[in-house]
> 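Structure below; questions to follow.
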Amino acid sequence: MQAIILAAGMGRRLGEYTKNNTKCMVPVNGVRLIDRLLGQLAKQQLNRIIIVVGYKGKELREYLESQYGQQLTANCQLLFAENPIYDKTNNIYSLALVKDMLQEDDTLLIESDLIFSDRIIPMIIENPYPNLALVAKYETWMDGTMVRLDDDQNIVNFISKDAFNYNEIESYYKTVNIYKLSKAFSKQKYVPFLDAYTKAVGNNEYYENVLRIISLLNNHDMKALPIGNEKWYEIDDKQDLDIAEALFADEKDVIRKYYGRYGGFWRFPQMLDYCYLVNPYFPSKRMKDELRANFDTLLTEYPSGMKVNTLIASKCFGVSEQYIVPGNGAAELIKILMEERPKANSQKPIAKIGFIRPTFEEYPNRYDKDAQVTFVPQNADYRYTADDLMAFFGDKDIQQLMVINPDNPSGNFIPKHDILRLAQWCEDRDIRLVVDESFVDFSEDYTTNSLLSDKTLEAYPHMAVMKSISKSYGVPGLRLGILCSADKNLIAHIKKEVSIWNINSFAEFFMQIYNKHEKDYQRACAKFVAERDDFYDKLKQIPFLHVIPSQANYFLCEVLPPYKASEIVIYMLKQRNILTRDCSLKQGLDPTKQYMRIAVRDHEDNTRLIEGLLAFSH
């Protein structure tokens, strides 16, 4: 068997990365694509490898000859063919240049801009079928040639870009651009059709078009081999390169590369994201259908300005317009709120804020470190009460107190009647109390725990209530949050600071229609509480975890010796494709211990996570 690698393309979409090199010379995590590929091929019993070069071909050839000489292994010869008109042709011409060699042996045909698991090449070589295309189930990031399969894994059709139909994607597979072609198939079928096709259509085409024509003859010469969950990526542009570096990072870098993305994990469709803190049961299908039905209008029309969006938010969340401001996610409102600075009097020029740690770091990160007064619970489960806070901050000179309820990552929850006692305590001391209740709808008795009502806000005008709509409503992509307070000056100030179109049309429409779907939301919250209780019982069976009770949609878990959180997180990501959160370095947590934060998803996903953790323990 031999391998033919097509490496003539210019890779324009990679910009500066291919200014002086062809695509296969681009490094992923420090290893060039071509070196990784040749290393994988060197483990196979190949007679020769033919590389078709073009753009920066001289540089590529000189590099490979300096690294490997004329032989990849003692029995594997390294040969080159040149496409001199790479800028005027496409890969069908590159393959046509080596069509004689293609007919001399069974062949692995591989494009050079791929990165893939070490198991991929043995998978296709060891399969008994002589003519195979590796394929992957269609995912949103994929572009290029798609195929349809019959029940026997025969390729029955190649789908061109022009014929691609988003309504049929459930039946599509993407070619991985790794093929196995038998000597007989190349000689009797592929090369004759290749000659006829290029003569009729020209050289600025793709070699898959020839396979498409052969598939239309309905003789099932080519079978597909789905790769399942094996990792691979095609690197065409800078974003592809960034994703590939995360997918194929080594253990010392993999968590940093994923955590550093701060979301956008939908680009990894097969991965379960257990850092993802949202309601798995809302929005309902009915609500999603209504959003879809209005997609074209919402996409192509401007959203309303602040006045209208305040009105809609008021209707949606049951708070008067003068007391509420909607934001582009809670993050926008947090930034303005923390930069607004509580006023200090002349005797006390530094306005200090009280924080509870461990906590959601976006709040303290937005405020001067020297003006922070921090309370850390002194118990193993990081529990605290309103009385604990009043006792600690009673003799502290603070102008604002930040309480996240339930807290993140501890899941600690202060009941509503105690929060209101704390609010009165702050009123008596002229302290602004900011309560972030983004997770309150996950708590038991969730229907009565919210502070969002005019009566409550008016009773405690020094209190402000923040709520991220992303979390319990399950719509982080909409970027929607609200801040409510009877302090009209505060609300007016924040409205002045945000841009006039800070809410997009999809978020606006969500608020507009929410009340029609409110009963579905209540059912989703009830279903979630039941699932969390079940998940808690199962997590407690994991021998290396101490699971801290939670009223939120996550659990803080202490990792017991001798294990470390990082090794569990890496195992779950690399072996199970599940992303969890290592919290061990989070401020406020005991630095001598190890911690993970594990989100709560639906029952199917939670079962998969439990299975992974149990496998790690064995």
Side-chain angles (χ1 to χ4, degrees), residues 1-9 37 41 44-54 72-73 75-86 89-112 114 120-135 145 147 149-150 152-158 160 175-225:
M1 179 171 281
Q2 64 183 358
I4 295 176
I5 301 172
L6 302 180
L37 174 56
L41 293 176
Q44 310 306 317
Q45 299 300 313
L46 300 178
N47 300 316
R48 64 184 180 184
I49 296 174
I50 304 111
I51 304 176
V52 183
V53 301
L72 181 63
T73 66
N75 299 315
C76 182
Q77 192 177 11
L78 199 58
L79 303 174
F80 298 89
E82 183 176 358
N83 178 353
I85 51 173
Y86 58 83
T89 58
N90 222 309
N91 61 18
I92 196 170
Y93 184 72
S94 292
L95 186 56
L97 290 171
V98 292
K99 65 182 181 182
D100 292 339
M101 288 185 278
L102 180 64
Q103 300 173 83
E104 292 171 358
D105 201 350
D106 296 339
T107 301
L108 289 178
L109 177 60
I110 307 171
E111 295 189 24
S112 66
L114 302 174
I120 291 284
I121 295 297
M123 178 187 294
I124 192 169
I125 288 178
E126 294 168 8
N127 190 282
Y129 286 103
N131 304 303
L132 276 174
L134 290 184
V135 297
T145 302
V147 296
L149 314 180
D150 66 15
D152 295 322
Q153 306 294 357
N154 296 303
I155 295 179
V156 295
N157 195 10
F158 281 73
S160 67
T175 55
V176 178
N177 298 331
I178 300 176
Y179 296 88
K180 181 172 70 173
L181 307 177
S182 69
K183 176 180 176 181
F185 175 77
S186 295
K187 182 178 292 188
Q188 297 167 16
K189 291 284 182 70
Y190 189 81
V191 170
F193 276 92
L194 175 70
D195 288 338
Y197 187 88
T198 53
K199 184 175 181 180
V201 182
N203 294 316
N204 196 20
E205 295 286 333
Y206 297 95
Y207 65 81
E208 296 96 337
N209 289 346
V210 179
L211 292 172
R212 179 171 61 86
I213 291 172
I214 294 173
S215 73
L216 294 175
L217 299 177
N218 200 30
N219 53 12
H220 302 320
D221 286 301
M222 178 72 66
K223 280 190 177 287
L225 178 60

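This chain uses plain numbering: 1 for the first residue, then up along the sequence.
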> Could you state the interatomic distance from OG1 (Thr73) to CG (Asn47), rounded to the nearest 0.5 Å?
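Those atoms lie 9.5 Å apart.
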> Taking atom CG of Leu97 and atom CD1 of Ile85, what is their separation to the nearest 0.5 Å?
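Taking CG in Leu97 and CD1 in Ile85, the distance rounds to 8.0 Å.
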> Report yes if some heavy atom in the side chain of Tyr129 is under 4.5 Å from a heavy atom in the side chain of Lys180; otherwise report no.
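Counting from C-beta outward, Tyr129 and Lys180 never come under 4.5 Å.
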> Kindly say whether Tyr206 contributes a backbone atom to a donor-acceptor pair with the side chain of Asn90 at under 3.5 angstrom?
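Checked: no pair found.
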> Considering non-hydrogen atoms only, spot the tightest contact between Met1 and Ile125 and give its length.
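Closest pair (atom of Met1, atom of Ile125, distance): SD-CG1, 4.0 Å.
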> Closest approach of Tyr86 and Gly54, non-hydrogen atoms and distance?
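Result for this residue pair: CD2-C, 3.4 Å.
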> Which heavy atom of Ile121 sits nearest a heavy atom of Leu108, and at what distance?
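The pair with the smallest heavy-atom distance is CG2-CD1, 4.2 Å.
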> Return yes if some donor-acceptor pair links the side-chain N/O of Thr175 with the main-chain N/O of Thr145 below 3.5 Å, else return no.
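Here the side-chain-to-backbone pair exists.
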> Hey, are the side chains of Ile214 and Met222 touching, using non-hydrogen atoms and a 4.5 Å cut-off?
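Not touching, per the 4.5 Å side-chain cut-off.
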> Does anything in residues 206-217 form a salt bridge (charged side-chain N to carboxylate O under 4.0 Å, His left out)? List the pairs, not counting sequence neighbours.
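The answer is none; no pair qualifies.
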> Check whether any side-chain heavy atom of Leu109 lies under 4.5 Å from a side-chain heavy atom of Tyr190, and answer yes or no.
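A side-chain contact is absent here, since even the closest heavy-atom pair is not under 4.5 Å.
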> What residues form a ring-ring contact (aromatic ring centres under 6.0 Å, His included) with Tyr207, not counting sequence neighbours?
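Listed in chain order: Tyr179.
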> Please report the interatomic distance CZ(Phe80) to CD1(Ile5), rounded to the nearest 0.5 Å.
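Reported to 0.5 Å precision, the distance equals 9.0 Å.
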> Taking C-beta and beyond as the side chain, do Asn209 and Ile92 meet within less than 4.5 Å on heavy atoms?
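No, side chains not in contact.
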> Tell me, do Leu46 and Leu72 make a side-chain contact under 4.5 Å, heavy atoms counted?
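Not in contact.
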> Working to the nearest 0.5 angstrom, can you tell me the gap between Leu216 CG and Leu211 CG?
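Output value for this atom pair is 11.0 Å.
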> For Val135 versus Ala224, what's the shortest heavy-atom pair and its separation?
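Shortest heavy-atom contact: CG2-CB, 3.8 Å.
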> Assess the residue pair Leu79 and Val98 against the criterion (side-chain contact (heavy atoms from CB on, under 4.5 Å)); give the C-alpha distance rounded to whole Å, side-chain angles, the decisive distance to 0.1 Å, and a yes or no.
CA-CA 11 Å; Leu79 303 174; Val98 292; over 6 Å; no
> Any donor and acceptor pair, going by atom type alone, linking the side chain of Thr107 with main-chain N or O of Gln2 inside 3.5 Å?
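Between the backbone of Gln2 and the side chain of Thr107 there is no qualifying donor-acceptor contact (under 3.5 Å).
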> Measuring only between side-chain heavy atoms, which start at C-beta, is Thr198 closer than 4.5 Å to Val210?
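Side chain of Thr198 against side chain of Val210, heavy atoms only: no contact under 4.5 Å found.
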> Are Ile49 and Cys76 side-chain neighbours, meaning at least one heavy-atom pair lies under 4.5 Å?
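Yes, their side chains come closer than 4.5 Å.
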> About how many Å separate CG of Leu225 and CD1 of Ile155, when rounded to the nearest 0.5 Å?
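Those atoms lie 10.0 Å apart.
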> Are Val52 and Leu95 close enough that some pair of their side-chain heavy atoms sits under 4.5 Å apart?
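SC-SC contact between Val52 and Leu95 ruled out.
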> Would you check if there is a donor-acceptor pair between the side chains of Gln103 and Ser186 at a distance under 3.5 Å?
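Result is no, nothing qualifies.
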> Please collect all salt bridge (charged side-chain N to carboxylate O under 4.0 Å, His left out) contacts where either partner lies in residues 183-203, sequence neighbours excluded, each pair once.
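Sorted pair list: Lys99-Asp195, Lys189-Asp221.
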> Could you give the distance from OG1 (Thr89) to CD (Glu205), rounded to the nearest 0.5 Å?
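The OG1 atom of Thr89 sits 11.5 Å away from the CD atom of Glu205.
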